[in-house]
Peer 1: 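Before I ask anything, let me first share the structure, which is written out below as structure tokens.
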2 protein chains.
Amino acid sequence: MVDSTDKKLLDILKENSRLSFADLGRKINLSPSSVRERVQKLEEEGVIKKYDIQINNKLIGYDLEAFILLKVFPGKLKYVINKVNEFPEITVAHRITGNQNIHLKVVVENQLRLQKLLDKLMQFGDTNTFLILSEITK
Amino acid sequence: MVDSTDKKLLDILKENSRLSFADLGRKINLSPSSVRERVQKLEEEGVIKKYDIQINNKLIGYDLEAFILLKVFPGKLKYVINKVNEFPEITVAHRITGNQNIHLKVVVENQLRLQKLLDKLMQFGDTNTFLILSEITK
DNA sequence: TTTGAAAATAGACAACT
DNA sequence: AGTTGTCTATTTTCAAA
């Protein structure tokens with residue numbers, strides 16, 4: 001199970017996942033080896049799914065981000081779920097409860113690209129789009 | 001500017017941000033030093049905002065995830081944006097266009113916790129909640 | 001969980017192209 | 001400019017306690 005030490009490690013890694021085991025150990029008064037053991041176990045158990053980075057997409061030419069709610073046409077859900085992989089613009093996809101059944105986060109260069117994406121998605125179901133104005137930083 | 005080599009690095013780091021500069025270099029045929037230079041510049045420019053981890057919340061006792069659209073009461077927006085920080089359940093918050101103006105992702109232990117959170121959020125505005133059933137993996 | 005020791009890497013700097 | 005080699009300090013890794 002995940003104890004309070006593990007939770008501390010997870011919290012720290014959430015803020016900076018590139019810290020060395022030595023640094024992590026210093027922060028929570030544990031030897032590097034012990035930290036390594038714990039982190040490795042968290043990986044094996046699947047608690048840590050992935051080490052990744054947060055990118056400022058605007059700085060690399062992707063100026064538009066949006067959430068799209070998709071109400072998939074009856075009987076097409078499985079098909080659409082598979083199709084999701086083929087869209088590089090879709091960065092995260094979730095199945096959700098409610099009137100719509102799929103929630104997407106998309107990142108595109110500009111409005112034209114979003115329009116083209118929506119044209120395609122409209123073949124799968126009804127779309128409801130919310131442009132992202134900014135992230136509220138915590 | 002960000003060239004194609006940088007984009008490759010970003011793509012790789014998005015999948016595994018704990019790789020060493022040496023490993024990154026092996027993947028794209030570049031020396032560790034060069035990789036280090038590039039990654040450091042990407043950090044300085046703000047392209048890489050953060051190194052973080054993706055956690056399987058269900059495995060640590062947080063069984064419920066949801067998206068919440070919030071239509072904040074008139075004149076209360078700034079107040080609410082500041083309040084967001086006080087909710088540990090809120091993992092990401094965005095300002096969005098449309099009928100609602102804030103999009104939240106929340107992680108809670110169970111339905112009761114969600115209910116309590118919604119009770120509080122309802123003081124700020126009208127809520128629209130979508131439970132997350134699963135993530136569609138890419 | 002800790003210690004210890006070998007292998008690998010990080011970080012800094014000078015030099016090269 | 002971007003890239004590379006070299007150097008040392010630090011870290012990772014793994015065995016053993």
Side-chain angles (χ1 to χ4, degrees), chain A residues 1-64 88 91 107-110 137-138, chain B residues 1-62 88 91 107 109 137-138:
Chain A
M1 260 306 295
V2 179
D3 64 13
S4 70
T5 305
D6 288 333
K7 290 219 170 133
K8 277 184 206 163
L9 285 174
L10 291 173
D11 282 341
I12 298 170
L13 287 171
K14 220 168 183 173
E15 287 308 308
N16 183 358
S17 63
R18 286 213 69 147
L19 289 178
S20 66
F21 296 135
D23 278 335
L24 291 169
R26 280 187 273 272
K27 279 186 186 272
I28 61 171
N29 287 335
L30 214 62
S31 71
S33 310
S34 301
V35 174
R36 187 173 177 278
E37 291 273 336
R38 283 175 178 272
V39 171
Q40 217 159 44
K41 193 189 280 178
L42 289 169
E43 291 170 4
E44 283 162 11
E45 291 170 342
V47 175
I48 296 176
K49 289 194 290 186
K50 190 192 265 192
Y51 296 90
D52 72 340
I53 54 175
Q54 286 183 23
I55 294 176
N56 186 330
N57 289 297
K58 300 211 174 176
L59 292 181
I60 56 171
Y62 288 79
D63 276 327
L64 246 189
T91 56
V107 179
V108 291
E109 279 118 316
N110 48 47
T137 50
K138 302 204 70 178
Chain B
M1 261 306 296
V2 178
D3 64 13
S4 71
T5 304
D6 288 333
K7 291 223 169 127
K8 277 186 206 163
L9 285 174
L10 291 173
D11 281 342
I12 298 170
L13 287 170
K14 220 169 185 172
E15 287 308 309
N16 183 357
S17 64
R18 283 215 72 149
L19 289 178
S20 66
F21 298 134
D23 279 336
L24 291 169
R26 276 177 214 117
K27 279 186 186 272
I28 61 171
N29 287 334
L30 214 61
S31 73
S33 311
S34 302
V35 173
R36 190 173 176 281
E37 290 275 336
R38 281 176 178 272
V39 171
Q40 215 160 44
K41 193 188 281 179
L42 288 169
E43 290 170 6
E44 284 162 10
E45 292 171 342
V47 174
I48 296 176
K49 290 195 290 186
K50 190 191 265 191
Y51 295 90
D52 71 342
I53 55 175
Q54 285 183 23
I55 295 176
N56 186 329
N57 288 296
K58 299 210 174 175
L59 292 180
I60 56 173
Y62 289 78
T91 57
V107 179
E109 279 117 316
T137 49
K138 303 206 69 179

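Every chain is numbered from 1, with letters handed out A, B, ... down the list of sequences. Note: hydrogens, waters and symmetry copies are ignored here, and every other heavy atom, side chains too, is used.
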Peer 1: Within a strict 4.5 Å, meaning less than it, do heavy atoms of the B/Leu9 and B/Ile28 side chains meet?
Peer 2: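 When only atoms from C-beta onward are counted, B/Ile28 and B/Leu9 do touch, with a gap below 4.5 Å.
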Peer 1: For D/dT3, does either OP1 or OP2 sit under 4.0 Å from a side-chain N or O belonging to B/Ser34?
Peer 2: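 No, because none of the side-chain N or O atoms of B/Ser34 sits under 4.0 Å from OP1 or OP2 of D/dT3.
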Peer 1: Can you tell me which residue among B/Leu42, B/Val39, B/Val47 is in a side chain to side chain contact (heavy atoms under 4.5 Å, CB included) with B/Asp6?
Peer 2: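 Considering B/Leu42, B/Val39, B/Val47, a side chain to side chain contact (heavy atoms under 4.5 Å, CB included) with B/Asp6 is found only for B/Leu42.
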Peer 1: Hey, is the side chain of B/Lys41 poking within less than 4.0 Å of OP1 or OP2 on D/dA1, counting only N and O atoms?
Peer 2: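 False: B/Lys41 side-chain N/O out of range (4.0 Å or more) of D/dA1 OP1/OP2.
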Peer 1: Given axes from five pairs at either end, by how many degrees does the helix from C/dT1-D/dA17 to C/dC16-D/dG2 bend, rounded to 10°?
Peer 2: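 Taking the rotation axis at each end, their angle is 40°.
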Peer 1: Are side-chain heavy atoms of A/Ile55 and B/Lys14 found at a separation under 4.5 Å?
Peer 2: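 Contact flag for A/Ile55/B/Lys14 side chains = yes.
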Peer 1: Could you check how far CG of A/Leu30 sits from C1' of D/dT11, rounded to whole Å?
Peer 2: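 The distance from CG of A/Leu30 to C1' of D/dT11 comes to 16 Å, rounded to the nearest Å.
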Peer 1: Between A/Glu45 and B/Ile60, is any pair of side-chain heavy atoms under 4.5 Å apart?
Peer 2: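 No - every pair of side-chain heavy atoms lies 4.5 Å or more apart.
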Peer 1: Nearest heavy-atom pair of B/Phe21 and B/Pro32: which atoms, and what distance?
Peer 2: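 So the minimum-distance heavy-atom pair works out to CB-O, 3.8 Å.
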Peer 1: Do B/Arg38 and B/Leu10 come close enough that some side-chain heavy atom pair is under 4.5 Å?
Peer 2: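 Heavy-atom side-chain distance check fails, nothing below 4.5 Å.
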Peer 1: Which letters describe nucleotides 8-14 of chain C, given B = protein heavy atom under 4.0 Å from base, S = only from sugar-phosphate, - = neither?
Peer 2: -SSBS--
Peer 1: Between A/Lys8 and A/Asp11, is the closest basic N to carboxylate O distance under 4.0 Å?
Peer 2: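 No, this pair does not count.
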Peer 1: Hey, does A/Asn110 have a side-chain heavy atom less than 4.5 Å from the side chain of A/Leu64?
Peer 2: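 Not in contact.
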